[in-house]
Engineer: 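Just passing along the structure, written as structure tokens.
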Protein chains: 2
Amino acid sequence: MNPEPAARPGDTSRAELLRVLGREHGAGLVDEIVVKVGADIIEGRYEPGDDLNSVELARVFGTSRTPVREALQALQREGFVDISAHRRPRVTTQSLAEVRDMYQVRAHLYRMVSRCVVDVATDRDLAGLRLVQTRLHDAAEAGDVDGYFWTNVEFRNTEARLTGNATLCRLLDNLGLRMLRLRHLSLSMPGRMAESVADHERLLAAYDDRDADVAAALTASIVLRGLRAIERSGWMTSRGTVT
Amino acid sequence: MNPEPAARPGDTSRAELLRVLGREHGAGLVDEIVVKVGADIIEGRYEPGDDLNSVELARVFGTSRTPVREALQALQREGFVDISAHRRPRVTTQSLAEVRDMYQVRAHLYRMVSRCVVDVATDRDLAGLRLVQTRLHDAAEAGDVDGYFWTNVEFRNTEARLTGNATLCRLLDNLGLRMLRLRHLSLSMPGRMAESVADHERLLAAYDDRDADVAAALTASIVLRGLRAIERSGWMTSRGTVT
DNA sequence: ATTCACTGAGGTGTCGACACTTTGCGGTCG
DNA sequence: CGACCGCAAAGTGTCGACACCTCAGTGAAT
């Protein structure tokens, strides 16, 4: 459709996709298709509701339909595609209600992350987080939205990793991937980056104080601010989203 | 929905599998294979680590390898099977650490469920829950472990449904399915059923009081008691599970 | 003009085949 | 006796083919 190769974000979302899908190898027809189509969906080159029929994709990628079908099912697992029997797969459409739900769950899970971090993180771990925070700060000063966005993703991934809870990481990866479009949109809103930097600063202070209650509350607040930014943006009403 | 108490555990786990996989129809080769193999894993007819090669399964089911491969990937999505490139799929082995992680996350998510239930459930909803609780009580009195187990699953599903949060339901379904083996084991421990009935009774009382803090704490406690039962059982050490 | 059966073009689900990779086994050599 | 090499058996990834299903469009009947 829109064969414009995405500049830098593409590479990073590509890596994130591979990581989350657990297909680290990256070699293999299926992975190639998953990453390409997935990135096309995340970065908006496919609109919600678009048809993704296997025969056309097979033609585009020069493969048979078998790897395409596998790729589409992998994308369905991650919530990017809806597949029902004998019907053409379609790009998932998210309702405002679903978006709210995702943010609520994500906020709640990050409460757990922050409590765990307070419990188990060493000073060294916190120093690592602070390092990422520095890069957030710099990106914000430079007004580099994409850079800020991906560093922010890294910040949250680092926190999750620190808990040492693989199940928690998996669920957050899954949710995070689905919300990638939205999180990007949210951080693009005017004034959001500065706000976000300040919030992260406060969160790190709470970690340093080993104050679980404050850290959990701040984390949840940070996530939910993203939701509010989206709600204010009117993005939802500008799309063909069902109630 | 299920007027007859599960005569055979297989029937119910079959239905639960279909529901969680979003494959309600149940018609189709892939679904048949998913359900059969999935139930075999849940109910222990395959040991963790067993090979599940597609050609043998295709022979067993009298199909080609294509639907078998799709089924195996669906099972991988739910965490029952590990697939890596060019190697035979294997039944997932869970380490004790992973089990602990799953229970912790599940407990935390059910905190959210209980808070939501307190917020949004009508008296009519709570009456529905109490009805399930009655059946729990009866099954416990009758010493019907399987009946109790599946009614318990229904109780938790009902709570989740009440929140109206589809994302939350999805994550809990996913987690719940992976933990099915463990939850069953946990409830089979001597004295657990009676304990569980009493816990649920207290939880319902908290719902009636609209006391979110107590409800959340009780819910988490109920989940974590399941974990402790498993830890005491020594199940993990009797399996070839890595620590 | 509206409805509805029909149809054919396009797509999905499944199949059997084939090349490449892994694995288990036996023989060779230190 | 054990380590190493190589080969055959077994399994995976991908392909093209084909039967069936869906859907938009046609045209006839109301």
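Proteins come first, then strands; the chains are lettered A, B, ... in the order of their sequence lines, and each starts at number 1. Keep in mind the model is a prediction, meaning the values are calculated, not measured.
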Engineer: Go through the structure and list residues passing side chain to side chain contact (heavy atoms under 4.5 Å, CB included) with A/Gln73, not counting sequence neighbours.
Structural biologist: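 With sequence neighbours excluded, A/Gln73 shows a side chain to side chain contact (heavy atoms under 4.5 Å, CB included) to A/Ile83, B/Arg23, B/Glu70, given in chain and number order.
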Engineer: Please list, chain by chain and in numerical order, all residues satisfying side chain to side chain contact (heavy atoms under 4.5 Å, CB included) with A/Arg124, sequence neighbours excluded.
Structural biologist: A/Thr122
Engineer: Which pairs pass ring-ring contact (aromatic ring centres under 6.0 Å, His included) with one or both residues in residues 50-94 of chain B, sequence neighbours excluded?
Structural biologist: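 Listed by first then second residue: nothing to list.
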Engineer: Of all residues at least two apart in sequence or in a different chain, which pass the side chain to side chain donor-acceptor pair (under 3.5 Å) check with B/Gln104?
Structural biologist: none
Engineer: Listed by chain and number, what are the side chain to side chain donor-acceptor pair (under 3.5 Å) partners of A/Asp119, not counting sequence neighbours?
Structural biologist: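 For A/Asp119, no residue satisfies side chain to side chain donor-acceptor pair (under 3.5 Å) once neighbours in sequence are set aside.
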Engineer: Reading nucleotides 10-20 of chain C 5' to 3', which nucleotides get B (base under 4.0 Å from a protein heavy atom), which S (sugar-phosphate only), which -?
Structural biologist: -SBBBBBB---
